[in-house]
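I have placed the structure first, in the form of C-alpha cells, so that the comments after it can refer back to it.
Sequence positions, counted from 1, serve as the residue numbers for this chain. Hydrogens, waters and symmetry mates play no part in the numbers below; they use all other heavy atoms, side chains included.
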Amino acid sequence: MSNGQESPENVLSRRQERWNEADMLRDSRILEHTHSFIVEYNFKTKYCFIDPAQLKHVYGDWQNDRKNNDEKNYRRVVLQDDVEAVEAFFDFSKLKAGESRSMDARFYVKAHVYEWFRVSLTCYADEQGEKERVLITFTNAEQEMETLQKLKFLLAKDPLTHMPNLDSFMQMTDQMIQAHKDLSYAIIRMDIDKFRMINQMYGTKEGDNVLRYIGVKIQEWAGPILEISTYCRISSDMFCVCMPADASDVQELMDFIQNSLRAYPLKFDMIMSFGVYITCEEDRSEHIPVSTLMDRAASAQRTVKNSYRNHIAYYDNVIRKKEIAEQIIVSEMKKALETNQFQVYLQPKCEMDTGRIIGSEALVRWIHPSQGIISPGEFIPVFEKNGFITELDYFVLRATCQLIRKWLDEGKKVYPVSVNVSRTDLYNPNLLDQIKDCVAEYEVPHDLIAFELTESAFVSDNMQLYNLAKRMQENHFRVLMDDFGSGYSSLNSLREIPVDILKIDLKFLPPSQDDKRGNVILHSIVEMANRLGLEVIVEGVENIEQAEFLLSIGCRNAQGFYFYRPMPVSEYERCLEEKPIEIKERR
C-alpha cells in the first residue's frame with residue numbers, strides 16, 4: 001500500500017501464525033512431560049513451527065538451520081542406517097489430507113550418542129478439504145525400544161549362553177535346509193551325563209559356568225569353522241547342532257566338544273553323550289519338521305545315556321523299528337482296552353517247602369488279535385511314559401475285584417491277590433478313594449487284596465509313598481514293597497515307609513556258592529525282616545538250589561518260574577485243585 005500500511009490479509013495471517021505458535025507452545029509444555037516435542041508445517045503459508053523443546057531432546061538447532069536454509073541438516077542428526085527411511089517418511093509430495101503415518105528412527109541426542117524416537121504425523125485439511133498443515137510429534141522411545149529389543153532377544157536367544165534358543169534354532173535350521181536342499185545334514189543332540197551332580201557338588205553358579213563354556217566351544221567350532229550350521233541350547237544341559245553330514249566333520253565336532261569339556265578346570269569327570277541323526281532324501285522331499293529330526297537324534301542319544309563304554313549313537317533302523325513298534329502300541333492301546341484285548345494273568349505265590357499256593361499277583365497280558373501275546377516288556381514302558389498305565393492299572397484292579405467276587409459267590413476258598421501300583425498312580429490324589437470305591441462295589445474283603453509298590457518309587461518320593469502306604473494300612477489293605485534290594489536306600493525306605501511284606505527279587509541278590517558276601521547280605525535281609533515282623537516273599541526263583549538256600553536262611557515263601565509261571569485265570573484255578581508238590585519231591 002502507498003501509505004506503507006500492511007493489508008488486513010497480511011495482518012490476519014501474522015496474527016494466525018502467532019496464535020498457532022501460542023497453541024504450539026502451550027502443547028509443547030504438556031509434551032515436555034512425555035519426552036516429546038512437536039513440529040508443524042503449513043503448506044499454504046510455508047510457515048514451520050519448531051518446538052523450542054527440540055533443543056532439549058535432539059542434537060542441533062533445527063530452527064536456526066531452517067533460517068539458514070540448511071534443509072538437509074537431518075542427515076547429521078539421524079543415524080545413517082535410518083536416513084533413507086526418514087527421507088521417505090518426510091516426503092510430503094503424495095501426502096493426502098486426513099492421512100496419518102508413523103515410524104521409529106534413531107536420532108542423535110548429542111554427539112555420537114543416538115536414541116530411538118517414534119515419529120508420528122497427521123495431515124489436516126482446510127475448509128475445502130485440501131491439505132493445509134501437517135503436525136509432527138517426536139517422542140523419545142528409547143526406554144520402550146530398549147525393552148522391546150530385550151524382549152526380542154529373550155524370544156530369540158538363550159539368556160544364559162546367548163546362543164539361539166530352541167524356537168529360533170528350529171526356524172533357522174528349517175530355512176537352512178530349504179536353502180540348501182542338495183545337502184544331507186547331521187542333527188547332533190548332546191548333554192552331560194549326571195549334570196545335576198555338578199550343581200549339587202559345586203553349586204548352580206558353577207553349573208551355569210559349565211553351560212556357558214560349552215556354548216562358547218560349540219560356537220567356536222560351528223561358527224567360524226563351518227560355513228553352514230545352526231546351533232542352540234535346548235534347555236538345562238541339552239544342546240543341539242545341525243551341520244552338513246560330513247562324517248569326519250561330525251566326529252571332529254564331537255571330539256572337540258568332549259576334549260574341551262575334559263580340559264575344563266573342575267574335578268569332575270564330565271562326559272558328553274551324543275545322539276546323531278543323518279537326514280535323508282525322504283526328509284527333504286516330505287519336509288519333515290526339524291522337531292522330528294531332533295526327536296530322532298534324541299532317540300539315538302538315549303541308547304548311550306550314562307553308558308561307560310559308548311557315548312555316541314547314530315539313529316538307525318533298529319531304533320526306527322522300535323519307535324514304529326511303540327507308535328503302533330500307542331495307536332492301538334485305547335481300542336485294545338475297549339475290546340478286552342488285555343487280560344489278567346495270575347502268578348501264584350507259594351510255600352517253598354510244601355508247594356502250597358498262598359496267594360497270587362495280578363499281571364496283565366495283551367492278547368492281540370493278529371500279533372498274539374505282546375510281551376509286557378514291550379508295552380508297559382510305553383504306557384508308563386505316556387500315562388496310559390493309569391488306565392491299565394485301574395482295569396487290572398477292577399478285573400481283580402470281579403474275579404475275587406466271582407470266587408466268593410461260587411463258595412471257593414480265596415487267597416489274597418496283589419495288584420501293582422505304578423509310579424504314575426502315586427500322583428493321583430484320588431487313588432485311594434478310587435481303590436476303596438472299586439473294592440466296595442464288588443464287596444471284596446480288604447484282606448483279600450493287596451498293593452505292590454516298587455522300591456525305586458519309595459526312594460524317589462518318600463513322603464508321597466509314606467502317606468499312601470499309611471492310609472492303605474489304616475483301611476486294612478496290605479502293602480508290599482516290590483523289588484526290595486534294587487535301590488541304594490533300601491534300609492532307609494524300610495525304616496520310613498510302613499509296609500507289611502517285602503518282595504526280594506533274586507535278579508538283584510542272586511544266591512551263589514561263589515558269592516559269599518551276597519549270600520550274607522541276603523541272609524541278613526531275611527533275618528532283619530523276620531525280626532521286624534515282616535513277611536518275606538522272594539521272587540525270581542528259578543531252580544531248586546536257590547529254593548533250598550532260601551529255606552536254609554529262614555525264608556519260606558517264593559514266587560518264580562521254578563514253581564509257577566504267570567498263567568490265565570482258568571489255569572490258576574486248576575492249580576488250586578491239584579495236590580501241591582513238596583520240595584523233597586522236587587529233588
Inset, instruction - Check the pair Y572 / W407 against ring pair (Phe, Tyr, Trp, His ring centres under 6.0 Å), numbers first and verdict last. - result: CA-CA 12 Å; Y572 172 77; W407 289 333; 5.8 Å; yes
Inset, instruction - Kindly determine whether L397 and F451 satisfy side-chain contact (heavy atoms from CB on, under 4.5 Å), including the steps that lead there. - result: CA-CA 10 Å; L397 171 64; F451 296 91; 4.0 Å; yes
Inset, instruction - Can you label the angle between the F388 ring and the F383 ring as parallel, tilted or perpendicular, going by 30° and 60°? - result: perpendicular
Inset, instruction - Output yes when a side-chain donor or acceptor of Q258 lies under 3.5 Å from a complementary backbone atom of M272, and no otherwise. - result: yes
Inset, instruction - Scan N420, I380, I389 and name whichever one has a side chain to side chain contact (heavy atoms under 4.5 Å, CB included) with V364. - result: I380
Inset, instruction - Side-chain contact test, heavy atoms from C-beta onward, threshold under 4.5 Å: evaluate it for R478 versus P416 and give yes or no. - result: no
Inset, instruction - Mind running side-chain hydrogen bond (donor to acceptor under 3.5 Å, both in side chains) on Y202 and N209 for me, showing each step along the way? - result: CA-CA 11 Å; Y202 299 97; N209 289 337; over 6 Å; no
Inset, instruction - Assess whether side-chain contact (heavy atoms from CB on, under 4.5 Å) is satisfied between V526 and N530, documenting all intermediate values. - result: CA-CA 6 Å; V526 173; N530 289 334; 3.7 Å; yes
Legend entry - With Y345 via ring pair (Phe, Tyr, Trp, His ring centres under 6.0 Å) - residues at least two apart: none
Inset, instruction - Give a yes-or-no answer on whether the side chains of N428 and Y394 include a donor-acceptor pair shorter than 3.5 Å. - result: no
Legend entry - Sequence-distant partners of K406, side chain to side chain donor-acceptor pair (under 3.5 Å), two or more places apart: E410, E573
Legend entry - Test item: side-chain donor near acceptor, S299 and R302, under 3.5 Å: yes
Inset, instruction - Assess the side chains of R405 and Y442: does a donor N or O sit below 3.5 Å from an acceptor N or O? - result: no
Legend entry - R398 to F395, cation-pi by 6.0 Å centre distance and 45° axis angle: no
Legend entry - Set of residues satisfying side chain to side chain donor-acceptor pair (under 3.5 Å) with respect to Q327, sequence neighbours excluded: none
Legend entry - Residues that Y314 engages under ring pair (Phe, Tyr, Trp, His ring centres under 6.0 Å), provided they are two or more places apart: none
Legend entry - Flag, side chain of Y213 to backbone of S260, donor-acceptor distance under 3.5 Å: yes
Inset, instruction - State whether the side chain of E286 and the backbone N or O of E282 hold a donor-acceptor pair below 3.5 Å, judged by distance alone. - result: no
Inset, instruction - Could you tell me whether the side chains of R196 and N199 share a donor-acceptor contact shorter than 3.5 Å? - result: no
Legend entry - Distance-only side-chain donor-acceptor flag, S307 / N310, under 3.5 Å: no
Inset, instruction - Verify the distance criterion only: is there a donor paired with an acceptor across the side chains of K349 and S418 at less than 3.5 Å? - result: yes
Legend entry - Any donor-acceptor pair under 3.5 Å from H368 side chain to I374 backbone: no
Inset, instruction - Not counting sequence neighbours, which residues clear side chain to side chain contact (heavy atoms under 4.5 Å, CB included) with K470? List them please. - result: Y466, E474, P498
Inset, instruction - Return yes if a side-chain donor-acceptor contact under 3.5 Å exists between D295 and T292, otherwise no. - result: no
Inset, instruction - Run the numbers on N317 and R320 for side-chain hydrogen bond (donor to acceptor under 3.5 Å, both in side chains), then give the verdict. - result: CA-CA 5 Å; N317 284 333; R320 184 180 182 87; 5.2 Å; no
Legend entry - Donor-acceptor contact present, side-chain D393 to main-chain T390, <3.5 Å: no
Inset, instruction - Look at the side chain of D316 and the backbone N and O of I319, then say whether any donor-acceptor pair between them is shorter than 3.5 Å. - result: yes
Inset, instruction - Using a strict cut-off of less than 4.0 Å between a Lys/Arg side-chain nitrogen and an Asp/Glu carboxylate oxygen, indicate whether D193 and K305 qualify as a salt bridge. - result: yes
Inset, instruction - Only counting residues at least two apart or in another chain, list the ones meeting side chain to side chain contact (heavy atoms under 4.5 Å, CB included) with A186. - result: I188, M243, A245, V250, V276, I278
Legend entry - Spatial distance of atom CD (E378) from atom CD (Q371) [nearest 0.5 Å]: 8.0 Å
Legend entry - Flag if over 12 foreign heavy atoms under 6.0 Å of NZ, K412: yes
Legend entry - D237 side chain to I192 backbone, donor-acceptor under 3.5 Å: yes
Inset, instruction - Please tell me if the side chains of R556 and E351 come closer than 4.5 Å, counting only heavy atoms from C-beta onward. - result: yes
